[in-house]
Amino acid sequence: MDYKLTLNLPQTDFPMQGKLPEREPATLARWQEHDLYAAIQAARSNAPTFILHDGPPYANGKIHIGHAVNKILKDIINKSKLSEGYRVPYVPGWDCHGLPIEIQVEKELGRPGEKVSAQEFRNACRTYAESQIVGQKQDFERLGILGDWQHPYLTMHFAAEANILRELGRLTVNGQVVRGAKPVHWCVDCGSALAEAEVEYQDRTDPSIDVAFAVADPADLQQRLGLKEAIAASVVIWTTTPWTLPANQAVAVHPDYAYVLLRSGHRHILLAADLAESTLARYGETSENGPAILAECSGSQIEGLILQHPFLDRQVPIILGQHVTLEAGTGCVHTAPAHGVEDYEASRHYHLPVESPLQDNGRLRDDLPRGLGGLNIRQANEKIIELLQEEDALLHLEKIRHSYPHCWRHKTPLLFRATPQWFISMSANQLRDKALSAIEATRWIPDWGQERIAGMIRQRPDWCISRQRAWGVPIALFFCAQCGEPLRDAATFERIAQAVEANGVDAWFNQPAEDFLPAGAHCAACGHDHFHKSTDILDVWFDSGSTHAFVLEQRPELHSPADLYLEGSDQHRGWFQSSLLESVASRGRAPFKAVLTHGFTVDGEGRKMSKSVGNVIAPQSIIDRYGADILRLWVASADYRGEIPISDAIVKQLGDSYRRIRNTARYILGNTHDFDFAKDALPAAELLEMDRWMLARTALLQEEIRAAYAEYQFLKVQQKLHHFCSIDLGGLYLDVLKDRLYTSPAASRARRSAQTVLWLMLEAMVRWMAPVLSFTAEEIWQEMRDRPAPSVFFGEYPDIPLPADTLALNARWERLSQLRDAVNAALELLRQDKKIGSGLDAELQIYANDDWQAFLQPLGEELRYFLMTSACSIHAYSGRPENSAELVPGVALQVQTSTASKCARCWHRRHDVGQHAGHPEICGRCVSNLELPGEQREFC
RNA sequence: GGGCCUGUAGCUCAGUCGGUUAGAGCACACCUCUGAUAAGGGUGGGGUCCGUGGUUCGAAUCCACGCAGGCCCA
């Protein structure tokens, strides 16, 4: 007889191999077909909400691994909140306006106003953005991200554009939008000012020059320094941008530093005392006794001293500035307010002109004297150095390699240049202070994010929101033709917003001003009645910074502030900051309660990914080879607070980890194929002891996992889940359980007890893994009998009864487990000696002291099942033979190779095999299990 | 150059207030099972705690200075 047919072996259609790249798309199709997102929303219509507001990716290009990390983290959080019973509306979005799309469209159509009109150009941008969104949306959905993909928010929706304008209107009416002429990064190729996020730094070689500015009135200097006689002297400045010298309006010194007058070559020079020696060394002048100092003074003593511009007919003052440092140069700073932010700030106090002869095209004005007219930057540098030599004002010239701002699109060097721009003032209405308070009221994860963004807000200049471009929301405001003040009229903005809502931004560009301006409008500042229409467009950071207004506040299922914003740590400078500033300026509070940041993806060596290095790993390549769940598991297994490394080795390791989890679920499915929880489950009190213990472990672990999710510590979730599958289950429980599951009568208490616990475990495990291994959890869910919902994502965590005697169970079974480990180690010695193979080849003689005897004796026959040996007898410790091994204090062990016959059914070696006439090949308990009533089990 | 952050086994991570021989899982090696089988079980090896210096009876842990890397800024 083939006794194998009498066993309850596992049966399941759930495949061992994931074959995720093949199987996941089918699961995804099922979710889409049934509109899982909408169905879950409907099922939770009355539940409390959790709102994670999606930061919009830019609608250009394929998604990269960083996008995947970001969206997967969001999805894990959203799904873990679903498991806790929340209603979790998640509306993904896209950032649609801006330069990168313009550049793509320019490649096809040329610049707006050349071959195509501005309106046609904008239409082409819109079409292009739409096409990009289609691709990205598909890729995001393939990751298994649950959200309202059919109704995402787009910054280029007419309604969004209109509401962005309403936000601009609020801030303008409040007096927080101001017009100014400030130096901004200017790209000649773009013909536009750039946002700070659009600037990148590259190394570049520039001339480094030391220039003498002669003191115009030596008598003034004599008096200030208390010199015996008036001598011709020069103040020395150092610069790497000679072309800005025509815009020089002053030389700045620090009020508190010491400055000295000393002799250098044929002239007297004035410079910071601490830099005198290094400066002279640069000129090739060294002296053993140090420089000969003629006089000394503080910076404040020479404030207002008049200097002669070295090659123009202009006299400029010495001014004071806190920004002057002693790190390089001479401690005297060439100040061109049109070309440097600090120069501008320092000059403002002295009412110096903010004028530059540099034009939009990057060339000097034609009317400049001395052959400078019409020169570009490089030509101007050369010509100016020539002029300085002619004037004997050049003290030193060398080449310097330094990092310099470049345009992120064109890779060309940028200019600092004063142009008329619109700003959100950081000081109006105490925006800076209010923003800092809002930061304190927000939870930052990790906590150092708070200090990081606060430091940025403390330092940052006014927010330049204007761009001289075509594709974006217009800065739809009117400003006084005489004094430049914007018209601060709410009704005007509302008229514009309504027109944009109906017809798009073309309404602003195409309709006449009279359509929007109130009759008889006058400038509130100067009374003038003629207004200009601004043709600038808004910084895209203002668009995305307003999503809280046009998404969170507008969609009925959402509200503001959001519970969480979650983006890469670069967004402390980007979206977190623009959203914070816009919201604080318009509403006086942050648009988020908490902000979580993650690090950037790096390769296996911890280096950033770059095309040129060739270490880029595309999410698609991992999905195609391993599946989205592996990618998701990778995200969950990394400490996302720092850099997140990825490499082939890391992904391969995760594949191994995944298989363990999958196979554990498969094994449980196989062993519960004939189990119907509603009919067959046993109450907790009737469970066998080890089953109760494992139930308790499951219940406690579930609490740990829920806590880990609540703390956003997915790494812990992943580790605990995996540890549970491989150590608690594979290495112990399932191993011990096999004998009982396979050999006991199918519907016996012994087997139903195990199945009850296995089922509850699977119910729990599938929830634990669902936020991370979404596809696999769903696949398991579909294999489970009598599932109460069509998808795993409808359910909450199951209630797992915690046995009343949990503490005692833990103590008892942990002690038993330690004994089991020691027995395994002893068995291994025989196995290595080829005396046994399976543990069932062995018989144990356990010599236990009184304490251990009392502990072990009650287990009776079941001890051998727990230790997975064929026999196990207990004797007095005092009777232990000399060759016995001490397992733990008070327990000695002697192992023998069993001489008994192997039962053909349960494979235990038992001496009663063959004693039953009807079943000559099997042991007594197997006979009982076959012919009933079957053996009784209490413990394991 | 400045701000913030990271560095523990081949990999991913623990390591509490400074306190025994620095842990876990995976990978690896060896053994084993063949009724989870492209699975399962057992045993074992593996560490310059980034470096140097300091504080301390005692440092992975605290301090200083470096090195390497990341994000942001100049």
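We name chains A, B, ... by the order of the sequence lines, and we start the count at 1 in each one.
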Output a table of donor-acceptor pairs, distance under 3.5 Å, between side-chain atoms of residues 722-730 of chain A and any protein atom two or more places apart or on a different chain; print 'none' if there are none.
| residue | atom | partner | partner atom | Å |
| --- | --- | --- | --- | --- |
| A:Asp728 | OD1 | A:Arg697 | NE | 3.1 |
| A:Asp728 | OD1 | A:Arg697 | NH2 | 2.8 |

Original post:
What is the pairing partner of B:A68, taking Watson-Crick or G-U wobble pairs with both distances under 3.5 Å in any strand?
Top reply: B:U6

Original post:
Any Lys/Arg nitrogen of A:Arg751 or A:Asp674 sitting under 4.0 Å from an Asp/Glu carboxylate oxygen of the other?
Top reply: yes

Subject >> N-O pairing of A:Asp691 and A:Arg740 below 4.0 Å >> reply: yes

Original post:
What pairs with A:Tyr565 under ring pair (Phe, Tyr, Trp, His ring centres under 6.0 Å), at least two apart in sequence or on another chain?
Top reply: A:His53, A:Trp575, A:Phe592

Original post:
Does any residue of residues 632-645 of chain A have a heavy atom under 4.0 Å from RNA chain B, and if so, which ones, in number order?
Top reply: A:Ser637, A:Ala638, A:Asp639, A:Arg641, A:Glu643, A:Pro645

Subject >> Complementary nucleotide of B:C62, counting Watson-Crick and G-U pairs under 3.5 Å >> reply: B:G54

Original post:
For RNA chain B, whose closest nucleotide is more 5', that of A:Leu9 or that of A:Glu828?
Top reply: A:Leu9

Original post:
Can you list the residues that meet the salt bridge (charged side-chain N to carboxylate O under 4.0 Å, His left out) rule with A:Arg458, with sequence neighbours excluded?
Top reply: A:Glu451

**OP:** Quickly work out the A:Asp603 CG to B:C11 P distance and round it to whole Å.
**Re:** 12 Å

Original post:
Atom CG of A:Asn671 to atom P of B:A39: distance rounded to whole Å?
Top reply: 19 Å

Original post:
C1' atom, B:G46 versus B:G10: distance in rounded Å?
Top reply: 9 Å

**OP:** With heavy atoms under 4.0 Å as the rule, sort A:Arg905 into base, sugar-phosphate or nothing.
**Re:** base

**OP:** Spell out protein contact along nucleotides 22-27 of chain B as letters: B when the base is contacted, S when just the sugar-phosphate is, - when no protein heavy atom is under 4.0 Å; keep the 5' to 3' order.
**Re:** --SBBS

I'd like a list of close polar pairs between nucleotides 32-34 of chain B and the protein, N/O only, cut-off under 3.5 Å.
| residue | atom | partner | partner atom | Å |
| --- | --- | --- | --- | --- |
| B:U32 | OP1 | A:Lys834 | NZ | 2.7 |
| B:U32 | O2' | A:Gly837 | O | 3.2 |

**OP:** Classify the nucleic acid contact of A:Gly731 as base, sugar-phosphate or nothing, counting any heavy atom under 4.0 Å across all strands shown.
**Re:** sugar-phosphate

Subject >> Whole angstrom value for the distance that separates C1' of B:G41 from CD of A:Gln832 >> reply: 13 Å

Subject >> Pairwise P distance, B:C26 and B:C63 [rounded to whole Å] >> reply: 35 Å

**OP:** For A:Ala454, report the nucleic acid contact type (base, sugar-phosphate, nothing); a contact means any heavy atom under 4.0 Å.
**Re:** nothing

**OP:** For A:Gly599, report the nucleic acid contact type (base, sugar-phosphate, nothing); a contact means any heavy atom under 4.0 Å.
**Re:** nothing

**OP:** Take the protein atom CG of A:Leu715 and the nucleotide atom C1' of B:U12, then report the distance between them rounded to whole Å.
**Re:** 8 Å

Subject >> Gap in Å between the two C1' atoms, one belonging to B:U43 and one to B:G54, rounded >> reply: 44 Å

Original post:
Using atom C1' of each nucleotide, how far apart are B:C30 and B:U20 to the nearest Å?
Top reply: 31 Å

Original post:
Hey, is the side chain of A:Lys738 poking within less than 4.0 Å of OP1 or OP2 on B:A36, counting only N and O atoms?
Top reply: yes

Original post:
Do A:Arg573 side-chain and B:C71 base share a donor-acceptor contact under 3.5 Å?
Top reply: no

**OP:** Determine the Euclidean distance between corresponding P atoms of B:G69 and B:C31; express it in Å to zero decimal places.
**Re:** 43 Å

**OP:** Tell me which nucleotide among B:C71, B:G69, B:A36 gets nearest to the side chain of A:Ser569.
**Re:** B:C71

Original post:
Backbone N or O of A:Ala842 within a donor-acceptor pair of the A:Arg909 side chain at under 3.5 Å?
Top reply: no

Subject >> Touch class at under 4.0 angstrom, heavy-atom based, for A:Ile650 against every strand present >> reply: sugar-phosphate

Show which side-chain atoms of residues 7-15 of chain A pair as donor or acceptor with protein atoms under 3.5 Å away, not counting sequence neighbours.
| residue | atom | partner | partner atom | Å |
| --- | --- | --- | --- | --- |
| A:Asn8 | ND2 | A:Leu741 | O | 3.3 |
| A:Asn8 | ND2 | A:Tyr742 | O | 3.4 |
| A:Asn8 | ND2 | A:Ser744 | O | 2.6 |
| A:Thr12 | OG1 | A:Phe14 | N | 2.9 |

**OP:** Report which part of the nucleic acid A:Tyr667 touches: base, sugar-phosphate, or nothing (heavy-atom distance under 4.0 Å, all strands).
**Re:** base

Original post:
Taking only residues two or more places apart in sequence, or in another chain, which ones meet A:His598 in a side-chain hydrogen bond (donor to acceptor under 3.5 Å, both in side chains)?
Top reply: A:Asn70

Subject >> Modelled atom types, side-chain donor and acceptor of A:His919 and A:Arg905, under 3.5 Å >> reply: no

Original post:
P atom, B:C65 versus B:C49: distance in rounded Å?
Top reply: 22 Å

Original post:
Residues in side-chain hydrogen bond (donor to acceptor under 3.5 Å, both in side chains) with A:Thr244, at least two apart?
Top reply: A:Thr241, A:His334

Original post:
How many Å lie between CZ on A:Phe576 and P on B:C71, as a whole number?
Top reply: 16 Å

Original post:
Can you name the salt bridge (charged side-chain N to carboxylate O under 4.0 Å, His left out) partners of A:Asp821, sequence neighbours left out?
Top reply: none

Subject >> Validation row, ring centre A:Tyr733 to ring centre A:Trp813 under 6.0 Å >> reply: no

**OP:** If B:C11 has a Watson-Crick or G-U wobble mate with both distances under 3.5 Å, name it; if not, just say none.
**Re:** B:G25

Original post:
Heavy atoms under 4.0 Å, any strand shown: does A:Met456 hit a base, just sugar-phosphate, or nothing?
Top reply: sugar-phosphate

Original post:
When the nearest nucleotide of RNA chain B is assigned to A:Trp448 and to A:Tyr742 on a heavy-atom basis, which residue is associated with the more 5' position?
Top reply: A:Trp448

**OP:** Send over the distance from A:Leu829 CG to B:U43 P, rounded to a whole Å.
**Re:** 11 Å

**OP:** Using the C1' atoms only, state how far B:A60 lies from B:U21, rounded to an integer number of Å.
**Re:** 15 Å

Original post:
For the pair made of CG in A:Asp447 and P in B:U6, what is the distance, rounded to whole Å?
Top reply: 10 Å

**OP:** Please state the P separation for the pair B:A24 and B:C67 - nearest whole angstrom.
**Re:** 36 Å

Original post:
Less than 4.0 Å between a side-chain N and a carboxylate O, is that true for A:Arg666 and A:Glu783?
Top reply: no

Subject >> Nearest-Å distance for atom pair CH2/C1', residues A:Trp575 and B:C71 >> reply: 18 Å

**OP:** Only counting residues at least two apart or in another chain, list the ones meeting side-chain hydrogen bond (donor to acceptor under 3.5 Å, both in side chains) with A:Glu814.
**Re:** none

Original post:
Is A:Lys4 touching bases, backbone alone, or none of the nucleic acid, heavy atoms closer than 4.0 Å?
Top reply: base

Subject >> side-chain hydrogen bond (donor to acceptor under 3.5 Å, both in side chains) partners of A:Asn663, counting only residues at least two apart >> reply: none

